[in-house]
Amino acid sequence: MRIAVISDIHANLPALEAVLADVERESTDELWCLGDVVGYGPQPNECVDLTRERTSLSLCGNHDLAVLGAIDVSDFTGDAGAAARWTTSVLGETQAGWLRGLSPSAEREGCELYHGSPRDAVWDYVLSEQVALISILETTAPLVLVGHSHVALGLGWDGVELSGGLAPEGTELNLTKGRWLLNPGSVGQPRDGDPRAAWLLIDDVARRAAFRRVSYPIQETQAAIRERGLPDQLAARLAQGV
Ligand code: ZN
């Protein structure tokens, strides 16, 4: 089976559309989303509708939970809090209802999925080798998928040594040996210095993973952010990929 994995869309519709077009060219069997469909960006309802329509598995993230009131918005700093409050004010009933039915973790054959990490599926960031190793050791599946940090990662554990790390565009991994923790990076707000939208292609028969990046019209998202009166920094950072 060929699986496309996306995460952290953050209401960035042009980025999501560009990724879905790239995914279509790869004739995948399933599309999985690791959460944070909304928050930060200007088109939450459109992104929820498209994600709901296209994915066969979706997790919720901390931003999704905040706009639903399931976690406290005061846990968020400045721009994130302002965007969460705005998102709550415009989110449709149907879209909120769908998000409410999602969980921050899930399991599929040979794979465990978390928005954050196995230690805390909502809040924990896997951004160091130490946390990656803890995450691998706290799970049993050959493959562990996480989102949340907006940084594409691929780390392998052979029982003795940890290998891998950052996974820029073009990174291809052979998953045959050992166990792996992968983060596809973010569709709608990448933070690894590459502003292009990120996604991950997994072939669970060939046991291969490929990290992909797609250009999208960033200025369209930036214009929409400014039109809605969302914090300007949320628009500016998209051009830098930070
Ligand atoms: Zn996020």
Side-chain angles (χ1 to χ4, degrees), residues 5-16 19 31-48 50-51 55 57-68 70-88 91 95 98-99 102-106 113-127 131 135 144-153 166-167 181-200 211 213 216 218 221 225 230-231 233-238 240-242:
V5 187
I6 59 175
S7 191
D8 298 278
I9 297 162
H10 286 296
N12 186 338
L13 185 63
L16 179 59
V19 164
L31 175 64
W32 295 351
C33 173
L34 305 178
D36 276 359
V37 180
V38 304
Y40 295 127
Q43 290 178 280
N45 290 313
E46 294 86 341
C47 287
V48 167
L50 202 48
T51 306
T55 55
L57 169 67
S58 277
L59 306 182
C60 61
N62 52 315
H63 287 258
D64 304 317
L65 292 168
V67 305
L68 297 172
I71 58 178
D72 199 337
V73 177
S74 64
D75 290 341
F76 283 174
T77 50
D79 290 349
R85 279 184 285 274
W86 174 83
T87 305
T88 303
L91 193 67
Q95 288 79 11
W98 181 73
L99 287 175
L102 306 181
S103 155
S105 63
L113 305 91
Y114 303 89
H115 177 67
S117 86
R119 297 198 300 188
D120 181 336
V122 175
W123 284 109
D124 193 35
Y125 289 94
V126 182
L127 275 171
V131 178
S135 299
V144 181
L145 299 176
V146 301
H148 191 44
S149 71
H150 302 205
V151 174
L153 293 176
L166 295 175
L181 179 137
L182 309 179
N183 184 327
S186 168
V187 171
Q189 195 197 74
R191 292 179 193 163
D192 53 8
D194 182 345
R196 294 174 297 172
W199 70 280
L200 172 66
F211 289 83
R213 299 306 271 256
Y216 73 95
I218 292 175
T221 306
I225 286 173
L230 288 162
Q233 179 55 23
L234 295 177
R237 68 186 299 175
L238 293 178
Q240 316 300 323
V242 294

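All residue numbers refer to positions in the sequence shown, counting from 1. We count ligands from 1, going down the list as the structure has it; atoms in each ligand are counted the same way.
Atoms of the protein (N, O or S only) found under 2.8 Å from the Zn ion (ligand 1) are Asp8 OD1, His10 NE2, Asp36 OD2, His150 NE2.
With sequence neighbours excluded, the residues forming a side chain to side chain contact (heavy atoms under 4.5 Å, CB included) with Arg85 are Val73, listed by chain and number.
Asp8 places no side-chain N or O within donor-acceptor distance of the main-chain N or O of Val187, the cut-off being under 3.5 Å. Checking side-chain atoms of Thr88 against main-chain N and O of Val67 turns up a donor-acceptor pair under 3.5 Å. Here the side chain of Arg213 pairs a donor or acceptor atom with the backbone of Arg196 at under 3.5 angstrom.
Using a 30° and 60° split on the angle between ring planes, Trp123 and His148 fall in the perpendicular class, above 60°. Taking the six-membered ring for Trp and thresholds of 30 and 60 degrees, His10 and His150 have ring planes inclined between 30 and 60 degrees apart.
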